[in-house]
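So the structure is just underneath, and the comments pick up after that.
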Amino acid sequence: MATPVNAALCALLAVAFWSLLGFSASRHLLPRPLARGAAPVMGWAVHSAATLPLFALIGFSQALVIAIGAVCAIASLASLRQPASAEAEGAPIPLWAFAAAALLALFPAAAIMPKIYAQGVALADPISDHVKIAMIDAMARQGLPPIDPAFGAVGVPDHVAYYYLWHYSAAALALVLRVSGWDADVGLTWFTAFASLSLAMGLAVWLGKGSRAAIFVVALAAAASLRTVLKVVFGSYTLEPFLAPPTGFAGWLFQAPWAPQHLMAAACVVLAMILIAEYAQRQRVTPLVALVLVVVAGFESSTYVGGVTFAIAALAAAPLLLAGIAPGRRTHFVAGMAVAAVLVIGLAMPFLRHQAGTVAAHGGAAPIVLQPFAVLGAFFPDALRRLLDLPAYWLILLPLEFPAAFVAGGLALFALWRSTIANLERRVIAALTCLAGAGLVASWLLASTLGDNNDLALRAVVPALLVLIAAAAAGVSLWPRHVFIAATALGGLVLSLPDTLQMVRGNIEGTLRPDAAAFAQASARVANNPLYLEDLVPWPENMSWALFADRASCFAGRELALALAPMSAAEREAINAQFIRVFAGEGTARDIDDMANKYRCDVVVVVPQDKAWSNDPFAASAAYRLADNREGQWRIYVRR
């Protein structure tokens with residue numbers, strides 16, 4: 001299991017290395033506050049997007065990762081000796097603001113750490129979305145491109161049907177420091193949270209023309225939902241008939257531990273819109289190259305954020321940016337964007353191909369459909385509820401979930417656009433306003449169909465949230481000129497603190513569940529019963545040996561297969577039922593033969609919690625032999 005020391009080493013290496021690389025590049029592209037704030041995201045995006053195809057060609061090993069990293073660091077240090085070519089003016093981001101951001105980022109990282117108690121191991125709820133740690137271990141163990149750690153069958157392509165750039169960068173940390181994928185995941189979660197705050201601080205300081213805007217970014221990012229305070233004031237059951245239950249459509253503090261890959265993609269998308277505005281201002285090659293790699297990094301970390309949401313935002317911003325360019329330079333701008341689009345498609349082609357294969361494997365249904373976000377509850381009749389959901393999204397849900405950023409951020413964007421006269425600032429504000437609108441509208445009207453959850457709506461809002469937090473912080477820093485913006489933002493923050501404290505406590509303490517004691521003993525390696533330790537988290541996910549013991553699974557359960565394996569829903573449910581049947585002691589000889597020869601289950605673990613422990617179908621099978629038997633703990637079979 002992950003340890004605080006190893007996770008801290010990963011976090012320190014990540015922030016030092018990628019910040020160095022990013023600042024050496026961004027100081028030549030962006031004004032000083034933006035250059036410093038954007039450095040961690042810029043460094044991670046450019047390095048990760050560029051090295052993934054390189055290591056896929058030359059091999060992914062500790063020596064090669066260290067060698068390429070050393071070359072990048074030396075080149076960055078040499079670049080720092082050259083004078084910056086971008087604008088040097090602008091207020092700095094205070095070091096204490098960076099320290100505050102680093103402190104806040106600890107809470108998302110803490111959610112992923114195991115919590116050791118006398119009764120066993122407790123996990124916080126966000127760990128449910130980190131079972132993809134199996135991908136990190138698979139890459140560190142077996143190289144690139146990653147094998148599918150959740151499912152394997154004869155005749156089925158053995159690649160991951162998921163956007164895995166974020167997990168690849170975690171695997172690089174694990175290789176260099178020789179730590180587990182879980183350690184690297186915790187460290188990279190902290191780095192992602194810190195990098196997103198750093199970018200928002202740089203943007204807020206630059207737009208607000210003052211260093212104090214940085215601390216307001218950290219404060220507003222800590223805001224959560226108003227649901228808790230409303231339940232305290234009006235009673236626990238007041239909201240349930242009127243509002244749909246929470247689904248994960250929530251603020252920065254919720255998104256950072258649950259979906260750091262989507263948060264990093266959101267930061268890349270924000271940076272990409274800034275670079276597009278910079279290219280419209282000064283049409284140079286360097287911001288175009290950086291733009292290509294940042295867009296690729298965003299897409300390869302989240303198709304929904306870096307692909308769908310960014311595409312909508314870029315198309316919306318293009319007419320506004322073109323209108324502000326002198327007629328003689330518009331052709332150059334359009335040509336540059338066209339070249340960038342071609343390069344992005346070329347670099348991201350493996351991911352595009354795998355995503356297309358995933359869509360095809362799930363059947364003929366459209367992967368994205370027009371479906372307004374469900375806001376209201378069962379109190380309203382179905383027909384009326386579907387109609388009222390449209391305005392309720394803007395009038396109820398957004399102020400409820402983003403009380404410190406939605407209204408204040410929107411007002412601040414308008415006020416900043418009216419008050420600024422600098423061309424670059426007006427272009428950046430216009431581009432980011434389009435991004436905020438695209439994220440909010442995509443979450444409002446669009447739904448993804450490939451998973452159990454509407455991941456598109458839940459994650460498309462994240463880049464909009466980063467923009468609104470930065471804008472609101474800039475507006476608050478201009479107090480008392482914008483007193484209503486400050487009152488709205490800080491009032492929303494105060495009212496959301498009960499939910500913030502409840503979320504932070506849950507991340508730090510975790511939840512001791514009935515399976516916690518059994519999980520504390522889960523140190524064996526292999527794929528096992530998909531339902532083993534299913535009560536460890538609120539969702540029936542395989543949290544045991546198969547995912548946290550540096551081994552790939554032949555079938556890790558329907559939840560992980562849903563995310564990673566390119567198969568239809570019917571096929572997934574059939575295989576899930578087959579594995580559950582086997583470990584329930586009801587497996588047939590044909591089932592055991594399928595596990596050995598069809599699904600490539602080289603090792604099988606049976607534990608006392610399985611009904612197969614007393615009715616063991618593997619004991620009499622010619623396909624497996626007993627390799628280890630620890631009475632009362634496990635039986636390990638290996639394929640003959």
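Computed over heavy atoms, backbone and side chain alike; hydrogens, waters and symmetry mates excluded.
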Could you give me the CA-CA distance, side-chain angles and deciding distance for S302 and W166, then say whether side-chain hydrogen bond (donor to acceptor under 3.5 Å, both in side chains) is met?
-> CA-CA 9 Å; S302 170; W166 188 89; over 6 Å; no
Which residues share a ring pair (Phe, Tyr, Trp, His ring centres under 6.0 Å) with F23, sequence neighbours left out = none
Side-chain heavy atoms of L468 within contact of L413, under 4.5 Å = yes
Would you call N454 and T247 a side-chain contact if the rule is heavy atoms closer than 4.5 Å?
-> no
Side chain to side chain, L458 and Y304, heavy atoms closer than 4.5 Å = no
Would you indicate whether R329, at its atom CZ, is surrounded by more than 12 heavy atoms from other residues, nucleotides or ligands within a distance under 6.0 Å?
-> yes
Which residue pairs pass the side chain to side chain donor-acceptor pair (under 3.5 Å) test when at least one of the two sits in residues 9-22, sequence neighbours left out?
-> W18-H47
State whether the side chain of S169 and the backbone N or O of S48 hold a donor-acceptor pair below 3.5 Å, judged by distance alone.
-> no
Taking only Lys NZ, Arg NE, NH1 and NH2, and the carboxylate oxygens of Asp or Glu, determine whether E278 and R427 approach each other closer than 4.0 Å.
-> no
Under the side chain to side chain contact (heavy atoms under 4.5 Å, CB included) rule, collect the residues that match up with I508, sequence neighbours excluded.
-> F107, A110, V504
Worked check of side-chain hydrogen bond (donor to acceptor under 3.5 Å, both in side chains) between Y168 and T51 | CA-CA 10 Å; Y168 147 75; T51 57; 2.6 Å; yes
Among pairs that include at least one residue of residues 486-503, which meet side chain to side chain donor-acceptor pair (under 3.5 Å), considering only residues two or more places apart or in two chains?
-> T228-D499
What about Y164 and F351, are their ring centers closer than 6.0 Å?
-> yes
With a 6.0 Å cut-off on ring centres, are Y163 and F299 close enough?
-> no
May I ask you to decide if A75's main-chain N or O and S79's side chain share a donor-acceptor pair within less than 3.5 Å?
-> no
Where at least one partner belongs to residues 193-202, residue pairs that pass side chain to side chain donor-acceptor pair (under 3.5 Å), sequence neighbours excluded | S196-W252
For residues 218-226, tabulate all N or O donor-acceptor pairs below 3.5 Å that involve a side-chain atom, not counting sequence neighbours.
from: S225; atom 1: OG; to: R227; atom 2: N; distance (Å): 3.0
from: S225; atom 1: OG; to: E401; atom 2: OE1; distance (Å): 3.2

Walk me through it: do W417 and T433 pass the test side-chain hydrogen bond (donor to acceptor under 3.5 Å, both in side chains)?
-> CA-CA 10 Å; W417 184 81; T433 300; over 6 Å; no
